Amino acid sequence: MESILVIESSYMMRLFLINYLDKNFDVTAVESPTEAHELLEKKWRPDAVISNFYGNKSLERKPFVDLITELEGRGIPLLVLTDQDKSDQRIETLKLGAKDSVSKPFNPIELQLRIMSSMGLKGRDKMKRVA
């Protein structure tokens with residue numbers, strides 16, 4: 001089973017993502033990019049990463065940018081969840097090296113299919129639960 005690292009500052013959103021994605025993926029979740037770095041330093045290699053967007057005013061901004069660089073260097077796809085249809089955030093994350101970006105609120109089925117696509121998987125062959 002493919003593994004996914006979820007980086008999400010909102011406790012409720014983290015729980016939602018874990019509960020929704022754990023039918024098809026081995027999900028590990030952390031609250032911040034700093035915690036994600038700690039996991040990756042232990043040589044753990046997820047198949048994909050989903051992260052909340054961390055803007056210029058966030059204390060986690062530098063760790064977020066460093067994480068994008070590290071994941072890109074290791075060939076691990078990153079999908080970033082941005083605030084309600086903020087195209088400037090989506091554009092910024094793509095410029096930094098994210099594989100994809102989705103605005104909150106999002107369709108969970110679309111999110112799961114985007115994750116699978118970023119890993120080169122065909123959704124119709126792998127999804128156990130679609131809703």
Side-chain angles (χ1 to χ4, degrees):
M1 182 178 282
E2 290 81 9
S3 62
I4 293 185
L5 173 60
V6 172
I7 307 164
E8 175 56 59
S9 55
S10 164
Y11 176 73
M12 293 304 291
M13 179 60 78
R14 258 194 331 273
L15 283 180
F16 170 77
L17 290 167
I18 291 166
N19 289 325
Y20 186 78
L21 296 171
D22 74 351
K23 304 297 183 266
N24 294 302
F25 303 103
D26 179 19
V27 181
T28 300
V30 296
E31 187 175 357
S32 69
T34 300
E35 290 179 64
H37 278 292
E38 292 170 7
L39 278 176
L40 294 171
E41 285 175 358
K42 296 176 182 175
K43 303 298 181 204
W44 180 63
R45 189 185 194 291
D47 295 298
V49 176
I50 301 170
S51 177
N52 190 42
F53 176 80
Y54 294 88
N56 288 327
K57 295 181 181 178
S58 171
L59 295 175
E60 287 291 327
R61 174 62 178 192
K62 183 173 179 349
F64 175 66
V65 173
D66 292 345
L67 180 70
I68 292 173
T69 303
E70 180 177 354
L71 294 173
E72 189 175 33
R74 292 175 66 178
I76 301 171
L78 170 67
L79 190 141
V80 178
L81 304 176
T82 62
D83 296 331
Q84 299 178 355
D85 202 29
K86 300 269 180 144
S87 65
D88 57 325
Q89 290 179 0
R90 289 193 315 274
I91 290 168
E92 182 179 349
T93 59
L94 293 170
K95 282 182 176 179
L96 288 170
K99 178 85 171 177
D100 201 355
S101 180
V102 176
S103 294
K104 296 177 189 174
F106 52 83
N107 179 316
I109 297 169
E110 177 186 1
L111 176 65
Q112 189 160 303
L113 290 168
R114 284 177 180 264
I115 294 165
M116 290 176 166
S117 176
S118 74
M119 291 188 293
L121 303 172
K122 291 186 169 65
R124 67 179 179 274
D125 299 332
K126 296 292 287 184
M127 285 179 73
K128 295 177 185 169
R129 181 181 87 175
V130 295

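Residue numbers start at 1 and run along the sequence shown. Every value quoted in this text rests on a predicted model; they were computed, and no experiment measured them.
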A.B. asks: I need the minimum non-hydrogen distance between P63 and H37, along with the two atoms involved.
C.D. replies: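 Distance-wise, the nearest heavy atoms are O-NE2, 3.0 Å.
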A.B. asks: Measure from the side-chain N and O atoms of T93 to the backbone N and O of Q89, and report whether any donor-acceptor pair falls under 3.5 Å.
C.D. replies: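 It does hold such a pair.
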A.B. asks: Would you compute the distance between atom NZ of K104 and atom OG1 of T82 and round it to the nearest 0.5 angstrom?
C.D. replies: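 Those atoms lie 8.5 Å apart.
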A.B. asks: Salt bridge (charged side-chain N to carboxylate O under 4.0 Å, His left out): which pairs involve residues 72-81, sequence neighbours left out?
C.D. replies: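 Checked against salt bridge (charged side-chain N to carboxylate O under 4.0 Å, His left out) - neighbours excluded - the pairs reaching residues 72-81 are E70-R74.
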A.B. asks: Only one of L81, I50, N107 forms a side-chain contact (heavy atoms from CB on, under 4.5 Å) with V102, so which one is it?
C.D. replies: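 Going through the options one by one, the only one that passes is L81.
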A.B. asks: Could you note down all residue pairs passing salt bridge (charged side-chain N to carboxylate O under 4.0 Å, His left out) where residues 105-117 supplies at least one of them, sequence neighbours left out?
C.D. replies: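 Those involving residues 105-117 are D100-R114, E110-R114.
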A.B. asks: Consider side-chain contact (heavy atoms from CB on, under 4.5 Å). Of I109, L15, V27, which one does Y20 pass it with?
C.D. replies: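 Testing Y20 for a side-chain contact (heavy atoms from CB on, under 4.5 Å) against I109, L15, V27 leaves exactly one candidate, I109.
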A.B. asks: Hydrophobic side-chain clustering at under 4.5 Å (ILVMFWY, transitive links): who's grouped with I7? Put none if nobody.
C.D. replies: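 In the cluster with I7 are L5, V30, L39, L40, W44, V49, F53, Y54, F64, V65, L67, I68, L71, I76, L78, V80, L96.
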A.B. asks: Specify the closest pair of heavy atoms between S3 and P46, including all atoms of both residues, with the distance to one decimal.
C.D. replies: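 In terms of heavy atoms, the two residues are closest at OG-CA, 3.2 Å.
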A.B. asks: Find the distance between CD (E31) and OG (S10) and round it off to the nearest 0.5 Å.
C.D. replies: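 Answer for the CD-OG pair, E31 versus S10, is 9.5 Å.
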A.B. asks: On a heavy-atom basis, which atom in E60 and which in P33 lie closest, and how many Å separate them?
C.D. replies: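 For E60 versus P33, the nearest heavy atoms are OE1-CD, 3.2 Å.
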A.B. asks: Keeping the roles fixed (side chain from S118, backbone from I115), state whether a donor-acceptor pair exists under 3.5 Å.
C.D. replies: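 The answer is yes, because a donor-acceptor pair under 3.5 Å joins these two groups.
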A.B. asks: State, to 0.1 Å, how close R90 and S101 come at their nearest heavy-atom pair, and which atoms those are.
C.D. replies: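 Looking at all heavy atoms of both residues, the closest pair is CG-OG, 3.0 Å.
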A.B. asks: At their closest point, which heavy atom of N24 faces which heavy atom of M1, and how far apart are they?
C.D. replies: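 Heavy atoms only, the tightest pair is O-CG, 3.7 Å.
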A.B. asks: I91: which other cluster members, linking ILVMFWY side chains closer than 4.5 Å, directly or transitively?
C.D. replies: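 Taking Ile, Leu, Val, Met, Phe, Trp and Tyr as members, I91 stands alone, with no cluster partners.
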A.B. asks: Applying side-chain contact (heavy atoms from CB on, under 4.5 Å), can you list everything that pairs with E41, at least two apart in sequence or on another chain?
C.D. replies: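 side-chain contact (heavy atoms from CB on, under 4.5 Å) list for E41, sorted by chain: empty.
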A.B. asks: Please check if the side chain of Q112 supplies one atom and the backbone of L21 the other of a donor-acceptor pair under 3.5 Å.
C.D. replies: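 No, Q112 side chain to L21 backbone: no donor-acceptor pair under 3.5 Å.
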A.B. asks: Looking at residues at least two apart in the chain, or sitting in another chain, which of them share a salt bridge (Lys or Arg N to Asp or Glu O under 4.0 Å) with R61?
C.D. replies: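 Result, salt bridge (Lys or Arg N to Asp or Glu O under 4.0 Å) vs R61: E92.
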A.B. asks: So which heavy atom on D22 is nearest to which on N19, and how close?
C.D. replies: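 Closest approach of D22 to N19: OD1-O, 3.0 Å.
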